[in-house]
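Here's the structure we're looking at; comments come further down.
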Amino acid sequence: EAQVTQNPRYLITVTGKKLTVTCSQNMNHEYMSWYRQDPGLGLRQIYYSMNVEVTDKGDVPEGYKVSRKEKRNFPLILESPSPNQTSLYFCASILSGGPSSYNEQFFGPGTRLTVL
Amino acid sequence: DQQVKQNSPSLSVQEGRISILNCDYTNSMFDYFLWYKKYPAEGPTFLISISSIKDKNEDGRFTVFLNKSAKHLSLHIVPSQPGDSAVYFCAGVASYDKVIFGPGTSLSVIP
């Protein structure tokens with residue numbers, strides 16, 4: 001089954017404690033993204049990766065890091081989480097770039113992060 | 001500054017009637033638009049899209065209309081069904097592959 005998986009699904013942590021949210025896709029997609037969803041703001045892109053070892057900032061990259069060492073994995077790293085990073089996070093993947101490819105954008109189930 | 005706006009946070013419609021969800025955008029670089037649907041505890045899923053060279057795209061009960069001069073698009077669902085109750089996100093894609101989502105509209109279809 002084609003899917004994007006994220007772990008953990010729920011996480012409560014404290015300010016300053018480094019954490020990683022994993023993301024994996026089994027569709028051999030080149031393009032992967034991380035989004036955060038906040039009330040009234042919709043989905044905002046944090047980082048994206050067009051292929052292995054190629055990453056770039058989205059609209060809200062501050063406080064986040066990513067890496068793309070393998071095609072299937074795209075972890076999101078919060079080196080020093082703060083309460084304003086409390087949010088719902090989604091990983092997504094697309095086969096390749098180009099506007100119409102977003103018709104086939106697959107999202108993971110989400111990770112609910114709370115930073116105290 | 002929000003480049004994609006969905007000014008109705010929520011909408012309630014009777015089953016069988018038409019649901020109209022609206023979206024306005026400010027970025028003239030958008031050349032492709034999408035609607036995604038999201039159920040609670042799940043990731044968004046693609047619903048329907050439209051290229052900026054078209055003014056209408058239809059897929060079963062779902063039709064998206066684009067008015068480029070007004071920078072406005074709308075999603076029509078006819079007839080509405082209880083299973084359509086979800087949050088709907090409008091999104092614009094610029095030619096440089098940047099996708100910008102709106103804040104979403106929560107649709108409730110009442111049986």
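No hydrogens, no waters, no symmetry mates; every other heavy atom, side chains included, goes into these values. Below, chains carry the letters A, B, ... as their sequence lines are ordered, and counting in each starts from 1.
A single hydrophobic cluster is seen to contain both A:L19 and A:Y47, as judged by linkage of ILVMFWY side chains at heavy-atom distances under 4.5 Å, directly or through other members. The same ILVMFWY cluster, assembled from side-chain heavy atoms under 4.5 Å apart, contains both A:Y89 and A:L11. Under the 4.5 Å side-chain heavy-atom criterion for ILVMFWY residues, no single connected hydrophobic cluster contains both A:Y48 and A:L78. Cluster membership for A:V60 and A:L76, using ILVMFWY side-chain heavy atoms within less than 4.5 angstrom, is shared. A:Y31 and A:F74 fall into different hydrophobic clusters, where Ile, Leu, Val, Met, Phe, Trp and Tyr are joined by side-chain heavy atoms under 4.5 Å apart, directly or via other members.
The candidate from B:G43, B:G104, B:S49, B:P44 with the greatest count of non-hydrogen atom pairs under 4.5 Å with chain A is B:P44. The greatest number of non-hydrogen atom pairs below 4.5 Å with chain B, out of A:N103, A:L43, A:L41, A:D38, is found for A:N103. Here B:F46 is the residue among B:F89, B:F33, B:F46 with the most heavy-atom pairs under 4.5 Å with chain A.
Surrounding CD of A:Q3 are more than 12 heavy atoms belonging to other residues, nucleotides or ligands, all under 6.0 Å away. Heavy-atom contacts from other residues, nucleotides or ligands closer than 6.0 Å to CD1 of B:I18 number more than 12. Within 6.0 Å of CZ in B:R17 there are 12 or fewer heavy atoms belonging to other residues, nucleotides or ligands.
With a 4.5 angstrom heavy-atom cutoff, B:I100 touches chain A only via side-chain atoms. Only the side chain of B:Y36 comes within contact range of chain A, with at least one heavy atom under 4.5 Å from a heavy atom of that chain. With a threshold of 4.5 angstrom between heavy atoms, A:R44 does not approach chain B through any atom at all. With a 4.5 angstrom heavy-atom cutoff, A:Q37 touches chain B only via side-chain atoms. Contacts between B:E42 and chain A at a heavy-atom distance below 4.5 Å involve the backbone alone (N, CA, C, O). A:F106 does not touch chain B: none of its heavy atoms, backbone or side chain, sits under 4.5 Å away.
Taking both residues in full, the closest heavy atoms of B:P103 and A:G40 are given as CB-O, 3.3 Å, listed atom of the first, atom of the second, then distance.
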Practice task
Give the C-alpha distance, both sets of side-chain angles, the deciding distance and a yes or no for side chain to side chain contact (heavy atoms under 4.5 Å, CB included) between B:V99 and A:Y35.
Solution key: CA-CA 11 Å; B:V99 60; A:Y35 297 89; 3.2 Å; yes
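To the nearest 0.5 Å, atoms OG1 (B:T45) and CD (A:Q105) are separated by 11.0 Å.
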